[in-house]
Amino acid sequence: MVDEMLKQGGVYRENQTVVERVMDSNDLERERGITILAKNTAVQYGDVKINIVDTPGHADFGGEVERILKMVNGVILLVDAAEGPMPQTRFVLSRALELGHRVIVVVNKIDRPDQRIYEVVDEVLELLLDLDATEEQLDSPMLFCSARQGIASFAPDVPGTDLRPLFDTIVDYIPAPEADADAPFQMLVSSVDYNEFVGRIAIGRIERGTLHQNQEISVCNFHGDRPPEKAKAVSLYQFEGLSRQPVTEASAGNIIALSGIGDITIGDTICAAQSPEPLPFVKISAPTMEMTFSVNDSPFAGREGKYVTSRNLRDRLMRETLKDVSLRISETDSTDSYHVAGRGEMHLSILIETMRREGYEFQVSPPRVLYQEIDGKKCEPIERLVVDVPENAVGPVIEKMGARKGELLEMTPVGKRMKLEFLVPSRGLFGYRNEFLTDTRGEGIMASVFDRYAPFKGEVSRRLTGSLVAFETGESVAYGLFNAQDRGALFIGPGVPVYAGMIVGVSPKSEDIAVNICKKKQLTNMRASGSDDALRLISPRNLSLEQCLEFLADDELLEVTPKTMRLRKRLLDHGERMRARASKTGK
């Protein structure tokens with residue numbers, strides 16, 4: 001949708017080659033097909049400049065949406081004409097309605113063969129009612145688009161020819177910023193970018209006044225965390241299309257980027273030097289999940305990474321908190337490890353993947369939920385899960401959700417498929433995605449979002465399978481792998497360096513099994529018939545980062561380096577693991 005708005009807003013030349021999903025400029029965003037970071041752009045429609053902020057749709061990146069809501073005057077609610085409102089739609093929309101933003105409902109992908117436009121319209125209206133929308137918000141204009149074709153119309157039966165109806169609706173319905181250009185300068189920092197040449201770059205909308213290049217300014221915080229600090233506006237930029245244009249002054253209502261302030265953070269207010277008046281910042285929802293990041297201490301530590309020390313790890317994590325307001329970093333008893341709390345597995349896995357691509361080497365623990373004590377009761381985070389599955393997969397999904405303490409709320413037929421809605425503990429979803437894809441033969445769609453904290457639901461078994469653990473250090477050999485593959489599914493092939501305590505496969509049994517995959521065939525001077533037949537190895541399972549995190553048991557860790565990811569036991573020595581297990585079970 002943003003691609004077409006930029007194209008029809010005159011950002012590109014007629015003969016210019018255009019990349020699809022141009023706003024998803026991050027490598028990870030392109031690979032995964034999702035938006036991770038909120039980004040600014042602007043188009044010129046007639047005499048009006050329209051600032052656009054493209055935000056993520058995935059619930060784990062809700063913090064990106066929350067922090068920019070103070071920067072906009074209205075929102076476009078984009079809903080799929082077949083899928084309808086998703087769980088994360090509810091979360092993001094509720095935040096926009098709380099701030100009183102005007103909403104333009106856009107039903108997209110009306111050209112899909114499985115579209116159900118009229119049912120989706122009813123679902124959107126029901127969602128607005130559930131979220132206590134005002135009468136004005138309930139009367140929000142509704143458009144019907146096909147972003148791929150670049151068309152919009154006011155009626156689903158009358159196809160449009162371009163996006164003019166959408167641009168006209170934005171100009172007519174979304175109010176222009178009400179700001180006093182003559183008052184003292186004031187701007188709330190909603191985003192922070194980083195450039196190695198100029199340092200941190202503050203991004204936000206000017207609430208009032210005018211800012212000139214090299215003007216003396218004051219930086220203050222609404223919560224009074226630190227006294228006002230003096231600074232200078234070294235460079236100013238305004239967003240024009242896909243680029244930042246340097247300007248010498250900017251007035252109220254414009255979204256600008258500003259460099260020259262060394263320790264600026266999201267939520268700070270930049271004011272005129274003579275009148276430091278901080279603005280309140282929207283409260284960011286607390287994290288629900290935590291992992292422990294620690295220095296890699298495996299036998300292969302330091303071989304592949306560029307940044308391997310605890311200082312490197314701490315500096316990188318602290319730097320991430322400057323631009324990700326929903327991330328929390330806390331110290332542990334050890335100087336080599338840190339607790340990292342985020343919104344979900346996807347949120348934390350993106351951080352892990354980003355760090356390993358930058359050359360960091362470290363290890364992470366299994367994800368765990370953050371409990372709270374409410375009215376004297378231990379409470380845990382509950383997710384609202386929506387699954388869209390074929391009719392023949394409903395039974396297995398309900399059965400698995402029941403075992404994970406899930407509560408079925410709603411069951412709606414959608415053509416030949418069923419849409420199920422559950423309330424399930426966050427920890428009940430650990431490791432479920434692979435099972436879900438297996439149960440639905442890859443045809444199921446699942447999406448979840450944090451709903452609330454509720455009393456503890458009881459124990460949920462994390463994993464019913466055990467691990468195949470390497471017994472000695474060396475290099476995997478075809479002969480050893482051939483003998484080990486009868487015990488379970490392997491994760492590695494021949495010629496891979498392994499160390500004692502490294503996990504090389506999964507066992508169908510509940511306990512771990514030690515296997516010697518470095519064992520070579522002993523040569524003798526006698527040859528028997530059939531003894532030299534070629535060994536047939538089953539192809540190993542290659543696990544993605546998310547699958548590795550889902551696989552981890554409580555006594556296991558994931559070793560992350562720029563080149564490889566290795567699953568391992570916390571205790572590498574086989575004898576120590578046996579003693580720890582005996583003391584735990586009392587046998």
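Since this is a predicted model, take the numbers as computed values, not measurements.
- Side-chain contact between Val192 and Ile203 is absent, with no heavy-atom pair separated by less than 4.5 Å.
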Glu361 and Tyr307: side chain to side chain contact (heavy atoms under 4.5 Å, CB included), yes or no, with the steps?
-> CA-CA 6 Å; Glu361 181 178 316; Tyr307 307 106; over 6 Å; no
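- A distance of 12.0 Å separates CD in Gln274 from CD1 in Ile217, rounded to the nearest 0.5 Å.
- Here the CG atom belonging to Asp132 is positioned 10.5 Å from the OG atom belonging to Ser94, to the nearest 0.5 angstrom.
- Heavy atoms only, all atoms of each residue included: Val106 and Cys145 are closest at CG1-SG, 3.5 Å.
- The pair Asp388-Lys419 does not count as a salt bridge, with every side-chain nitrogen at least 4.0 angstrom from each carboxylate oxygen.
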Could you go through the side chain to side chain contact (heavy atoms under 4.5 Å, CB included) check for Leu429 and Glu383 one step at a time?
-> CA-CA 9 Å; Leu429 293 177; Glu383 303 266 334; 3.9 Å; yes
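- Expressed to the nearest 0.5 Å, how far CD1 of Ile52 lies from CZ of Phe239 amounts to 12.5 Å.
- Looking at every heavy atom in both residues, Val105 comes nearest to Ser140 through CG2-CB, 4.4 Å.
- In this structure, Leu313 CG and Met318 CE are separated by 9.5 Å, a value rounded to the nearest 0.5 Å.
- With Thr288 contributing its side chain and Pro381 its backbone, the two residues share no donor-acceptor pair below 3.5 Å.
- Nearest approach of Glu83 to Arg116, heavy atoms of both residues: O-NH2, 3.5 Å.
- Contact annotation: the side chain of Val120 approaches that of Val79 to within less than 4.5 Å [non-hydrogen atoms, C-beta and beyond].
- Between Thr248 and Gln213, the side chains place no donor N or O within less than 3.5 Å of an acceptor N or O (distance only, hydrogens not considered).
- Here the two rings, on Phe293 and Tyr338, have centers that are 6.0 Å apart or farther.
- By the side chain to side chain donor-acceptor pair (under 3.5 Å) test, Glu331 pairs with Arg314, sequence neighbours left out.
- The CD1 atom of Ile104 lies 9.0 Å from the CG atom of Asp172; values are rounded to the nearest 0.5 Å.
- The heavy-atom pair separating Gln149 from Ile151 by the smallest distance is OE1-CD1, 3.3 Å.
- At distances below 3.5 Å, at least one donor-acceptor pair connects side-chain atoms of Gln115 with backbone N or O atoms of Ile117.
- Defined by atom type and a distance below 3.5 Å, a donor-acceptor pair is missing between the side-chain atoms of Asp336 and Ser294.
- For the side-chain contact (heavy atoms from CB on, under 4.5 Å) with Leu348, the qualifying choice from Leu545, Leu549, Val364, Leu327 is Leu327, the only one to do so.
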Given Ile50 and Phe167, is the side chain to side chain contact (heavy atoms under 4.5 Å, CB included) satisfied, shown in steps?
-> CA-CA 9 Å; Ile50 302 174; Phe167 282 124; 3.8 Å; yes
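- Across all their heavy atoms, Thr169 and Pro141 have their closest contact at CG2-CG, 3.7 Å.
- Of the charged side-chain nitrogens involved, at least one lies within less than 4.0 Å of a carboxylate oxygen, so that Glu358 and Arg316 count as a salt-bridged pair.
- Counted within 6.0 Å of OH on Tyr45, heavy atoms from surrounding residues, nucleotides or ligands total more than 12; the atom is thus considered enclosed.
- Gln186 contributes a side-chain N or O that, together with a main-chain N or O of Glu277, makes up a donor-acceptor pair within less than 3.5 Å.
- Looking at Asn108, its side chain does come within 3.5 Å of a backbone N or O of Ala147 through a donor-acceptor pair.
- In terms of modelled atom types and a separation under 3.5 Å, the side chain of Arg208 and the main chain of Pro184 share a donor-acceptor contact.
- Taking 4.0 Å as the cut-off between side-chain N and carboxylate O, Lys230 and Glu216 do not count as a salt-bridged pair.
- In terms of modelled atom types and a separation under 3.5 Å, the side chain of Asn254 and the main chain of Ile256 share no donor-acceptor contact.
- With hydrogens and angles left out, the side-chain atoms of Arg368 and Ser365 include a donor and acceptor closer than 3.5 Å.
- Val72 and Val53 get closest at one heavy-atom pair: CG1-CG2, 3.9 Å.
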Take Arg384 and Leu423, measure what side chain to side chain contact (heavy atoms under 4.5 Å, CB included) needs, and give me the verdict at the end.
-> CA-CA 5 Å; Arg384 183 179 291 268; Leu423 284 179; 4.2 Å; yes
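- His101 contributes no side-chain N or O that, together with a main-chain N or O of Leu97, makes up a donor-acceptor pair within less than 3.5 Å.
- Between Thr292 and His339, the side chains place a donor N or O and an acceptor N or O closer than 3.5 Å (distance only, hydrogens not considered).
- Between Arg433 and Glu546, none of the side-chain N atoms (NZ, or NE/NH1/NH2) sits under 4.0 Å from a carboxylate O, so this pair counts as no salt bridge.
- Residues Phe144 and Asp157 fail the side-chain proximity criterion, which asks for heavy atoms closer than 4.5 Å.
- When atom types are taken as modelled, the side chain of Thr332 and the backbone of Ser337 share a donor-acceptor pair closer than 3.5 angstrom.
- Rounding to the nearest 0.5 Å gives a distance of 11.0 Å between CD1 of Ile270 and CD of Gln215.
- With hydrogens and angles ignored, the 3.5 Å screen pairs a side-chain donor or acceptor of Ser153 with a backbone N or O of Val158.
- Ionic pairing of Glu373 and Lys377 is not present here: no N-O contact between side-chain nitrogen and carboxylate oxygen is shorter than 4.0 angstrom.
- A cation-pi contact links Arg102 to Tyr173, judged by a cut-off of 6.0 Å to the six-membered ring centre and 45° from its axis.
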